[in-house]
Student: 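Before we start, here is the structure in question, set down as structure tokens.
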Amino acid sequence: MAKSGYNASLLLLLSMFLILLTFSNVVEGYNRLRPADCKPRCTYRCSATSHKKPCMFFCQKCCATCLCVPKGVYGNKQSCPCYNNWKTQEGKPKCP
């Protein structure tokens, strides 16, 4: 009897771990993209700027490396740390 209680506890613990893992991937992984997803995401990201060509160039470069693009047309970079932390040699943000 004790062994079946142990198995039930282990199964419950494993189930909770999988639920937490799935939830964390949903929260953190909203932006996890395939390389093919970069162009449409960058098209939207750069839709509000008057500098579309450079925005698209750098957005797609950042997306290909980081496999994420922040939500919206501006800001929200905290949702993608790689995209947010990539800097130019001058220390300015590389990704739009």
Side-chain angles (χ1 to χ4, degrees):
M1 191 66 159
K3 191 172 184 178
S4 71
Y6 174 76
N7 287 341
S9 296
L10 187 60
L11 184 59
L12 179 63
L13 184 62
L14 182 59
S15 299
M16 290 175 62
F17 174 74
L18 290 174
I19 289 168
L20 286 172
L21 183 62
T22 301
F23 180 72
S24 70
N25 284 339
V26 168
V27 171
E28 292 178 10
Y30 166 78
N31 283 313
R32 288 201 182 138
L33 304 174
R34 297 182 317 254
D37 298 328
C38 290
K39 188 171 183 180
R41 279 286 187 90
C42 287
T43 298
Y44 177 70
R45 179 80 178 167
C46 296
S47 65
T49 185
S50 59
H51 307 287
K52 293 210 186 320
K53 279 190 175 187
C55 182
M56 284 294 292
F57 175 81
F58 286 107
C59 181
Q60 289 184 70
K61 184 176 183 144
C62 293
C63 181
T65 300
C66 300
L67 295 178
C68 62
V69 175
K71 290 193 273 185
V73 295
Y74 183 79
N76 300 316
K77 289 185 180 182
Q78 70 279 4
S79 65
C80 182
C82 170
Y83 193 99
N84 188 36
N85 297 332
W86 198 1
K87 305 290 185 209
T88 64
Q89 290 179 350
E90 294 81 29
K92 296 179 179 179
K94 187 171 197 96
C95 305

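When a residue number appears, it is its place in the shown sequence, counting from 1. Because the structure is predicted, anything quoted here is derived from the model rather than measured.
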Student: What side-chain donor-acceptor pairs closer than 3.5 Å can you find for residues 55-66, not counting sequence neighbours?
Tutor:
unit_1: Thr65; atom_1: OG1; unit_2: Lys61; atom_2: O; d: 3.2

Student: Should His51 and Pro96 count as side-chain neighbours, where that means a heavy-atom distance under 4.5 Å?
Tutor: no

Student: Do you know which two heavy atoms are closest between Arg45 and Lys71, and how far apart they sit?
Tutor: NH1-O, 3.2 Å

Student: Heavy-atom count around Lys39 NZ within 6.0 Å, excluding the residue itself: above 12?
Tutor: no

Student: Less than 4.5 Å apart, side chain to side chain, heavy atoms only: is that true for Cys95 and Asn84?
Tutor: no

Student: Locate the shortest heavy-atom distance separating Arg34 from Leu67; write the atom from each residue and the value.
Tutor: C-CD2, 4.4 Å

Student: Answer yes or no: is there a donor N or O on one side and an acceptor on the other, between the side chain of Lys52 and the main chain of Ser47, under 3.5 Å?
Tutor: yes

Student: Say whether, by atom type as modelled, one donor and one acceptor occur between the side chain of Asn76 and the main chain of Pro70 under 3.5 angstrom.
Tutor: no

